[in-house]
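Only one structure is covered here, and it is reproduced in the block below.
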Amino acid sequence: MSIKIENLVHIYMAGGPFEKKALDNINLEIKDGEFVTLIGHTGSGKSTLIQHLNGLLKPTSGRIVVDGVDITEKNVKLTEIRKKIGLVFQYPEYQLFEETIEKDIQFGPRNLGLSEEEINKRVKKAMSMVGLDYEEYKDKSPFELSGGQKRRVAIAGVVAMEPKVLILDEPTAGLDPKGRDEILAQVKQLHKEYNMTTIIVSHSMEDVAKIADRVIVLNKGKAVLDGVPRDIFKNIDMLESIGLAVPQVTYLERALKEKGFKLEGDMITVEEA
Ligand code: ADP
């Protein structure tokens, strides 16, 4: 699914003394199947932007066109849009509520009116994609799990609905480095397997350097940079000035990995096959 954002402006509490322009004339086009990272400092407008993409927020002005349909029009069925655009909120684990993991992941696909067989197939696939063994975990309570595991259950619940677009708001927030790397690798793998247009929101340049194909940088409600990581990282001064310093070593690691090498301490070695 493609997404076209045209002249999008969002003003909170418009007209009041605390009026806040959170999005300031955003124009973007995201193509079907793209993997996009949206990055910006806290308060730059990332959450506001993604909440427009499935109709949770309405623009003050501007349009959002999803596969040719303007979803900001009054008579658009948001339930249909939300089936196609899956949004994983920040700290999604707080929304787990069923008594077992399997039931929790079944919830979304069941609401789509699928057969039991199809639901079961999707739950198994989604669990395996996020690295949770079906037999081992299906009957466990979500509350028995670690933070990172709970988050994976929550992501699997959205993935099992097989949306055409998957949006994840800060999926690595609050996880330790190992948990972060695992989630990022799984999101990348999900994109490959399901071929969904994927938008991952982050405020960490380290995450971006590890996985992004296309990076969109937001600052004060404006899209200030848009491109491949290699080009984005050239704007070191600008990135630093908006609080997004790039850890160069992370970028070097990625560049080496692409060529089959890895950095170990101060040595560069050949990666095992
Ligand atoms: P980010 O996700 O990048 O941290 P947000 O989209 O949450 O940024 O916020 C963008 C700006 O809008 C910030 O200045 C924030 O304080 C403001 N904002 C966000 N939500 C609201 C709200 N519900 N009411 C008023 N202002 C808000």
Side-chain angles (χ1 to χ4, degrees), residues 3-30 34-64 66 71-72 78 81-82 85-95 147 151 154-155 158 165-175 180 183-184 187 197-212 214-227 229 232-233 235 238-247:
I3 301 174
K4 224 169 158 181
I5 301 171
E6 296 174 0
N7 308 314
L8 180 62
V9 174
H10 189 89
I11 303 175
Y12 287 107
M13 298 180 285
F18 300 108
E19 175 175 294
K20 172 81 207 174
K21 193 185 263 187
L23 297 176
D24 189 359
N25 201 33
I26 304 267
N27 284 283
L28 289 170
E29 193 170 347
I30 296 169
E34 248 190 308
F35 187 93
V36 176
T37 307
L38 188 64
I39 183 159
H41 202 265
T42 306
S44 57
K46 305 180 298 294
S47 294
T48 305
L49 178 58
I50 58 168
Q51 288 180 69
H52 280 82
L53 302 183
N54 75 347
L56 273 175
L57 284 176
K58 288 277 177 209
T60 305
S61 61
R63 306 199 306 159
I64 300 180
V66 177
I71 65 162
T72 58
L78 285 177
I81 299 291
R82 285 178 194 156
I85 302 188
L87 182 54
V88 180
F89 288 95
Q90 265 183 53
Y91 295 95
E93 55 274 22
Y94 294 134
Q95 288 163 33
R151 187 158 309 172
I155 294 174
V158 174
V165 179
L166 178 66
I167 305 172
L168 302 112
D169 193 356
E170 303 262 4
T172 61
L175 300 180
R180 272 168 34 195
I183 290 274
L184 291 175
V187 171
T197 307
T198 304
I199 304 174
I200 175 163
V201 174
S202 175
H203 67 265
S204 154
M205 272 310 222
E206 210 174 322
D207 288 358
V208 167
K210 280 183 182 145
I211 59 156
R214 173 182 173 191
V215 185
I216 296 168
V217 182
L218 278 192
N219 184 44
K220 296 188 178 146
K222 288 186 198 293
V224 290
L225 292 171
D226 181 353
I232 297 288
F233 295 156
N235 303 278
M238 185 218 209
L239 291 168
E240 277 188 352
S241 75
I242 61 174
L244 295 172
V246 189

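FYI, side chains are in, hydrogens and waters are out, and symmetry mates aren't considered; it's all heavy atoms of this structure. When a ligand or atom number is given, it counts from 1 through the structure's own listing order. Remember, it's a predicted structure, so these values are computed and weren't measured experimentally.
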Handout entry: atom 15 (C) of ligand 1 within contact range, any protein heavy atom under 4.0 Å
Key = no
Exercise for the section: Indicate whether atom 26 (N) of ligand 1 is within a distance of less than 4.0 angstrom of some protein heavy atom. Expected result: yes
Completion exercise
Checking heavy atoms under 4.0 Å, the part of Lys46 that sits near ligand 1 is both
Exercise for the section: Determine whether Lys220 and Asp24 make a side-chain contact, defined as any pair of heavy atoms from C-beta on separated by less than 4.5 Å. Expected result: no
Just jot down the ligand 1 atoms closer than 4.0 angstrom to any heavy atom of [X], in number order.
X: Thr42; value: 4 (O)
X: His41; value: 3 (O)
X: Met13; value: 25 (C)

Handout entry: Distance from atom 23 (N) of ligand 1 to nearest protein heavy atom, with residue and atom
Key = Tyr12 CE2, 3.7 Å
Handout entry: For atom 6 (O) of ligand 1, closest protein heavy-atom neighbour
Key = Thr48 OG1, 2.5 Å
Exercise for the section: Look at the side chain of Arg151 and the backbone N and O of Pro171, then say whether any donor-acceptor pair between them is shorter than 3.5 Å. Expected result: yes
Practice task
Can you label the angle between the His10 ring and the Tyr12 ring as parallel, tilted or perpendicular, going by 30° and 60°?
Solution key: perpendicular
Completion exercise
Exactly one candidate in Ile39, Thr37, Ile50 meets side chain to side chain contact (heavy atoms under 4.5 Å, CB included) with Val201; the answer is Ile50
Completion exercise
Given the options Ile242, Leu244, Ile232, Leu225 meets side chain to side chain contact (heavy atoms under 4.5 Å, CB included) only with Ile232
Completion exercise
Here the pair of heavy atoms bringing Asn25 nearest to Asn7 is OD1-CA, 3.1 Å
Fill in the blank from the handout: Checking heavy-atom distances from atom 7 (O) of ligand 1 to each of Gly45, Ser47, Ser44, Gly16, the winner is Ser47
Completion exercise
In terms of its nearest heavy atom to atom 1 (P) of ligand 1, the top option of Gly40, Gly43, Gly221 is Gly43
Completion exercise
Distance col, row Ile216:CD1 vs Ile26:CD1, nearest 0.5 angstrom, shows 9.0 Å
Completion exercise
The side chain to side chain donor-acceptor pair (under 3.5 Å) partner of His203 among Lys46, Glu170, His41 is Glu170
Problem - N/O separation below 3.5 Å, Ala22 to ligand 1 - result: no
